[in-house]
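First the structure, in the form of structure tokens, and then the observations on it.
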Amino acid sequence: MLGSFFSVFGIIFWVVVLGGGYYLWFRFKKRANGLTNVRDSSGREVTQTRLAKTQLGNLPTDISLIAGVGKNAAPQQSLNETVLHPTIGLRLISLGVSGTLLWMVWLNGADYVPDAPYLKEVVSAVVAYSLLYTNLYELRYDQHGVIHKDWFFREVDFAWRDIVSLRDNGHYAYIVRTADGKKVEVLKYLIGIRPFLTYAHAQIEKNSES
């Protein structure tokens, strides 16, 4: 009987310790991310997705800080459109990650990459494509809607009147959802992103009222 009591007590003890540890870590991560997350021009945060709210797998605070370097610079203007490009911080991260991965594949491949035919070439092609996409990414918007480039460099456009929500996925993208159920991921570490978020919030609120 006494042994059973201590067994149950031990289980409860470790549940409390692990649960308390996760809660403290969760609160710390939430506060740290709150300080580094991109906000709109009025200081309003973008609502996170359900997964991002758990803080599990979200970008580390230092990476978020680096990726956000340059976000407050003036965006490019083209006729009546505002054109957003990746920040200098995001470009540096993409270069650093790509260089590290290629080093792991080609210079230290025996430790990281299985010995399979053409695997190194395939991994290198994926890394190069991701680097190219990140650095050539472009988002344009005006009073009518938004146009961005998807992973196949196709221009995808959606009207402001169709957008019902914009959520932060905790990583490098915002999830934009439209009234017909479509979902689009747009990069969030962009030059001039804060005025874009302000305008997007205003349009979404207008749509919810109509």
Starting from Leu95, walk the hydrophobic network (Ile, Leu, Val, Met, Phe, Trp, Tyr; side-chain heavy atoms closer than 4.5 Å) and list everyone else you reach, by chain and number.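 Members other than Leu95 - counting any ILVMFWY side chain reachable under 4.5 Å - are Leu131.
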Other members of the hydrophobic cluster containing Val83, with the 4.5 Å side-chain heavy-atom rule, please.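 Listed partners: none, Val83 stands alone.
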Given the rule that I, L, V, M, F, W and Y join up when any side-chain heavy atoms are under 4.5 Å apart, are [X] and [Y] in one cluster?
X: Tyr141; Y: Val184; result: yes
X: Val126; Y: Leu136; result: no
X: Leu59; Y: Val97; result: yes
X: Leu65; Y: Ile191; result: no
X: Leu92; Y: Val127; result: no

Check step by step if salt bridge (Lys or Arg N to Asp or Glu O under 4.0 Å) holds for Lys149 and Glu185. CA-CA 10 Å; Lys149 291 182 178 179; Glu185 290 189 3; over 6 Å; no
Would you please say whether a donor-acceptor pair under 3.5 Å links the side chains of [X] and [Y]?
X: Ser124; Y: Trp106; result: yes
X: Thr49; Y: Asp168; result: no
X: Tyr137; Y: His148; result: yes
X: His85; Y: Glu138; result: yes

For the atom pair [atom1] ([X]) and [atom2] ([Y]), what is the distance rounded to the nearest 0.5 Å?
X: Arg91; Y: Thr134; atom1: CZ; atom2: OG1; result: 9.5 Å
X: Leu90; Y: Lys71; atom1: CG; atom2: NZ; result: 12.5 Å
X: Gln143; Y: Gln203; atom1: CD; atom2: CD; result: 9.5 Å
X: Leu190; Y: Phe196; atom1: CG; atom2: CZ; result: 8.5 Å
X: Asn207; Y: Ser165; atom1: CG; atom2: OG; result: 11.0 Å
X: Ile193; Y: Lys188; atom1: CD1; atom2: NZ; result: 10.0 Å

Of the non-hydrogen atoms in [X] and [Y], which two are nearest, and what is the gap between them?
X: Phe158; Y: Ile163; result: CD1-CD1, 3.5 Å
X: Gln48; Y: Arg167; result: O-CD, 3.8 Å
X: Val164; Y: Ile204; result: O-CG2, 3.4 Å
X: Ser42; Y: Thr198; result: N-OG1, 4.2 Å
X: Gly70; Y: Thr87; result: C-CG2, 4.0 Å
X: Ala52; Y: Gly170; result: CB-N, 3.8 Å

Between Glu81 and Ile147, does a side-chain contact (heavy atoms from CB on, under 4.5 Å) hold up when you go through it step by step? CA-CA 10 Å; Glu81 289 184 325; Ile147 300 174; 4.2 Å; yes
Got a sec: does the CZ of Arg177 have more than 12 other heavy atoms crowding it under 6.0 Å? no
Enclosure of Asn80 CG (heavy-atom neighbours >12, cutoff 6.0 Å):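 At most 12 heavy atoms, drawn from other residues, nucleotides or ligands, come within 6.0 Å of this atom.
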Please assess Asp142 against Thr82 for the test side-chain contact (heavy atoms from CB on, under 4.5 Å), listing each intermediate value before the final yes or no. CA-CA 6 Å; Asp142 58 15; Thr82 302; over 6 Å; no
Plane angle bin for Trp151 and Tyr129 - parallel if under 30°, tilted between 30 and 60°, otherwise perpendicular: parallel
Given the rule in the side-chain contact (heavy atoms from CB on, under 4.5 Å) test, do Ile63 and Ile93 qualify, once you have shown the distances and angles that lead to the verdict? CA-CA 8 Å; Ile63 298 298; Ile93 289 175; 3.8 Å; yes
Side-chain ion pair, Glu45 and Arg194, N-O less than 4.0 Å: no
My understanding is that only one of Leu166, Leu139, Asp150, Val146 makes a side chain to side chain contact (heavy atoms under 4.5 Å, CB included) with Val186; could you say which? Leu139
Where do Val69 and Tyr189 land on the side-chain contact (heavy atoms from CB on, under 4.5 Å) test, with the steps shown first? CA-CA 8 Å; Val69 173; Tyr189 294 105; over 6 Å; no
Counting C-beta onward and ignoring hydrogens, is there a side-chain heavy-atom pair between Arg140 and Glu155 closer than 4.5 Å?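 Sidechains of Glu155 and Arg140: in contact.
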